[in-house]
Amino acid sequence: MTLLLGVDTGGTYTDAVLIRDETHVIATAKSLTTRADLALGIGAVVRDVLAKAQVSAKDISLASLSTTLATNALVEGQGGRVGLIYIGFDARDLEVQGLKDALKGDPVIVITGGHDHSGSEVALLDEAGLRDWLAQDQGVSAFAVAAQFATRNPAHEQRASEMVSDITGRPVSASHHLSSKLNGPKRALTAVLNARLIGLTHKLIGRAEDILQDIGITAPLMVVRGDGALISSSMAKERPIETILSGPAASIVGARWMTGLDHALVSDIGGTTTDIALLRDGRPEIDPAGAQVGPYRTMVEAVAMRTTGLGGDSEVHFISHGLQGGVSLGPKRVLPISLIAHEAPEVVLTALDRQLRAVMPGEYDGQFLRAVAGVDAGGLTARDLAVFERIGQGTHAMDQVLMARVDALSVQRLVSRGLVQLSGVTPSDASHVLGLLDVWNCDAAATALKLFGRRRTGSGDPLSVDPAAMAQIILDQLTAQTSLALLTVAFGEEQDPYHGAPADLASHELLHRGLSRMLGLVKIEAGLNVDVIGLGASAATYYPAVGRKLQCKVTLPEHAAVANAIGAVVGRITMRRSGTVTAPAEGVYRVHFIDGPKDFISEDVALQALEEWLSAAAMADAQESGSENIQVSANREIKRARTEARDVFIEATIFVEASGRPRVSH
């Protein structure tokens, strides 16, 4: 019998699952994510799931982790200070692909060197200039190296990386290790982000490994990559950028394993976001443009995922314009009132009752603040620091913290820095009021919704005088925004696309009349013509209404609440390599190997040599990550031009994939 342990660290919860013989879930567990130290939450949930299953830690054959750390760090602007070594480019290229913004003022040196499209050296590498720059203390935790056409000849990146290691001893991220595609500035951006994440990822994975060993688990630890495949923990430490979108990718793998569906939209609702992707022919679609996280478009292969700021803990906003008014949700996450009241009932309930007794509704009714322990508060302005000290260590009603209107701006900055958590009305609170959830403080949720409903619409009437009616308004809005997000993805993935932007098509009046089965002089009917797999702890609460609205089948797997943790451990190790053959002159076929280009006089021999080298490299990568029973496949894309009644070879790219299940310990 083999026992597999999957763990997922989400924005709100850390989940764990135990699977026997790769076929049966035998236990699951959830615990609130410990943001100050993610590894503490991992340890707690692993101990819990082992206790529930009544199995020994030493019986675990394989452990695997999916994590939002890299994604959240990039979105929130976290990570170490990095130095960029930019070889063979014009300094003006730093403005391209958002590279300058990603550097955020970190040091950069632009030096001569680089190669051309055929892999020939354009200029000598300025080793003296680089040596002098590295000898100075740049105050960075890691370096990124990007050279012009390094994917055609990485010699200068390799030499610069050697110099970084010899002179500074710091980690170095070379762009040709992260992507084999052209577009130097975009590769440089990917290398910078990777370097920025190295310290954070080393700390998380290292701490996770230590905690698992303390528990008694000696099995190897795998990490989920952004395309849903597994990699070894050592590789994840070197290439943390590849773990962006790790959690969403794991959810798709988990959805496929739980349902057996080959064709469906997978929609995973968490506390902060809803992640939607298309499962086609049993595999997730890969974003051809590279993974985008926040403002950054990288060269990392990842699932084609649309992330919407919509979750069970999304902030509810009041819409005052219009006679009827209404609400909108997200994109920011706040602590549900029911949760903060569960943790600090006396403070929260007293404040809510005080606000309810007021004759007129207050601007900050039903909003609370509390500090986050363990976060560095350095660099605050005097005003922000004063507000932060006023909040202190307890939980406070917002209206009692703000001494002046400008203090609200300080609160926003403190929240964005991660120093303070904001609590307010959320869909989770609405679910408590309607009896769909009963895990935190229902009374506080009802009072908060009663306060929220007192706000006046354009007609001068309150939005809702009944907490249950107010709760239904919020959940109806969640259904509407979820449906809109699903329709947008569906239009965007159509193989025979419609004219117009997917978001515009998804919100078109004719479509929504069709979804409502409008029968006037013109009969319009519409529906989503693909199944939806609903994932997440709250999917069973929210998604049946989505299925009714979109006239489609919604599948809610038994273990939908821990789909990410399941996907983390049932996936395959998949290593991809690609390479290029160019034709610098007639009858010359240049293969761009990792150690430099090599010329052949035969097209077939050149292609075969590259395919054999890529296959061996991909096989070695898979073996290094602990894979067994590896299968290798290759695909060739050859470009030719027709001239003077004959085909002329222009360029060829070979893609190789090595895939197998992780080796388990017994």
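The pair Glu586-Arg646 meets the salt-bridge criterion, with a side-chain N (NZ, NE, NH1 or NH2) lying under 4.0 Å from an Asp/Glu carboxylate O. Taking the charged nitrogens against the carboxylate oxygens, Glu651 and Arg152 do have a contact shorter than 4.0 Å, which makes a salt bridge. A salt bridge is defined here as a Lys NZ or Arg NE, NH1 or NH2 lying under 4.0 Å from an Asp or Glu carboxylate O, and Asp281 with Arg283 fails to meet this definition. With respect to Asp106 and Arg196, a salt bridge is recorded, a charged nitrogen being found less than 4.0 Å from a carboxylate O. With respect to Arg642 and Asp647, a salt bridge is recorded, a charged nitrogen being found less than 4.0 Å from a carboxylate O. One finds a salt bridge joining Arg576 and Asp227 here, because a Lys/Arg side-chain nitrogen approaches an Asp/Glu carboxylate oxygen to under 4.0 Å.
Proximity of Trp257 to Ile566: side-chain heavy atoms (C-beta onward) are separated by under 4.5 Å at one or more points. Annotation: side chain of Leu511 is not in contact with side chain of Leu505 (no heavy-atom distance under 4.5 Å). Looking only at side-chain heavy atoms (C-beta outward), Val140 and Pro107 come within less than 4.5 Å of each other. Arg187 places none of its side-chain heavy atoms less than 4.5 Å from the side chain of Lys181.
Using a distance-only test at 3.5 Å, with no hydrogens or angles considered, no donor-acceptor pair links the side chain of Thr201 to the main chain of Lys237. In this structure a side-chain-to-backbone donor-acceptor pair under 3.5 Å is missing from Thr308 to Leu310. With hydrogens and angles disregarded, no donor-acceptor distance shorter than 3.5 Å links the side chain of Asp90 to the backbone of Asp93. With hydrogens and angles ignored, the 3.5 Å screen pairs a side-chain donor or acceptor of Asp116 with a backbone N or O of Ser120. A donor-acceptor pair under 3.5 Å is formed between the side chain of Ser246 and the backbone N or O of Val224. Although no hydrogens or angles enter the test, the distance criterion places a donor-acceptor pair under 3.5 Å between the side chain of Thr298 and the main chain of Val300. Thr190 contributes a side-chain N or O that, together with a main-chain N or O of Met299, makes up a donor-acceptor pair within less than 3.5 Å. With Arg225 contributing its side chain and Ala249 its backbone, the two residues share no donor-acceptor pair below 3.5 Å. In this structure, Ser179 contributes its side chain and Ser175 its backbone to no donor-acceptor pair below 3.5 Å. Remark: side-chain polar atoms of Arg577 are not paired, donor with acceptor, to backbone N or O of Leu614 under 3.5 angstrom.
Here CD of Glu637 is found 8.0 Å from NZ of Lys639. Values are rounded to the nearest 0.5 Å. We find the CG-CG distance between Leu193 and Leu197 to be 7.0 Å, quoted to the nearest 0.5 Å. We find the OG1-CG distance between Thr482 and Leu486 to be 7.0 Å, quoted to the nearest 0.5 Å.
No side-chain N or O of Thr574 forms a donor-acceptor pair with one of Glu657 less than 3.5 Å apart. Residues Thr67 and Thr9 have side chains that bring a donor and an acceptor to within less than 3.5 angstrom of each other. In the model, Glu121 has a side-chain atom that pairs as donor or acceptor with a side-chain atom of His156 under 3.5 Å. A donor-acceptor pair shorter than 3.5 Å can be found between the side chains of Arg572 and Ser659. Residues Glu612 and Gln608 bring a donor and an acceptor atom of their side chains to less than 3.5 Å of each other. Counted by atom type alone, Asp126 and Thr112 present zero donor-acceptor pairs between their side chains at under 3.5 Å. In this structure, a donor-acceptor pair under 3.5 Å is absent between the side chains of Asn564 and Ser66.
Residues passing the side-chain hydrogen bond (donor to acceptor under 3.5 Å, both in side chains) test with Ser234, sequence neighbours excluded: Ser232.
The minimum heavy-atom distance linking Gly6 with Val569 is given by the pair CA-CB, 3.9 Å. When every heavy atom of Ala264 is checked against every heavy atom of Val530, the shortest pair comes out as CA-CG2, 3.7 Å. Considering every non-hydrogen atom in both Leu278 and Glu493, the closest pair reads CD2-CB, 3.8 Å. Shown here for Val7 and Ala568, the closest heavy-atom pair between the two residues is O-CB, 3.9 Å. The shortest non-hydrogen separation linking Arg81 to Gly139 is CD-O, 3.0 Å. In terms of heavy-atom proximity, Pro185 sits nearest to Phe89 at CD-CE2, 4.2 Å.
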Evaluation steps, side-chain contact (heavy atoms from CB on, under 4.5 Å), between His508 and Leu510: CA-CA 6 Å; His508 199 284; Leu510 287 178; 3.5 Å; yes

Candidate pair Asp268 and Thr274, rule side-chain contact (heavy atoms from CB on, under 4.5 Å), full reasoning: CA-CA 5 Å; Asp268 185 359; Thr274 294; over 6 Å; no

After noting the C-alpha distance and the side-chain angles of Glu628 and Arg661, does the key distance pass the salt bridge (Lys or Arg N to Asp or Glu O under 4.0 Å) rule? CA-CA 6 Å; Glu628 60 185 4; Arg661 278 289 293 158; over 6 Å; no

Mind running side chain to side chain donor-acceptor pair (under 3.5 Å) on Thr555 and Asp531 for me, showing each step along the way? CA-CA 7 Å; Thr555 297; Asp531 288 359; 4.8 Å; no

Please evaluate residues Glu238 and Ile198 with respect to the criterion side-chain contact (heavy atoms from CB on, under 4.5 Å), reporting the C-alpha separation (whole Å), side-chain torsions for both, the decisive distance (0.1 Å), and the verdict. CA-CA 7 Å; Glu238 294 174 6; Ile198 286 175; over 6 Å; no

I'd like to know whether Arg239 forms a side-chain contact (heavy atoms from CB on, under 4.5 Å) with His177, so could you lay out the CA-CA distance, the side-chain angles of the two residues, the decisive distance to 0.1 Å, and finally the verdict. CA-CA 9 Å; Arg239 303 183 187 181; His177 286 156; 4.3 Å; yes

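For the pairing with Trp133, the side-chain contact (heavy atoms from CB on, under 4.5 Å) check across Ile109, Ile167, Val108 returns one residue only, Ile109.
A side-chain hydrogen bond (donor to acceptor under 3.5 Å, both in side chains) check over residues 591-604, counting only residues at least two apart or in different chains, returns the pairs Thr582-His592, Arg590-Asp599, Glu603-Arg640.
A perpendicular orientation is assigned to the rings of Tyr589 and Phe649, their planes being inclined by more than 60° (bins at 30° and 60°).
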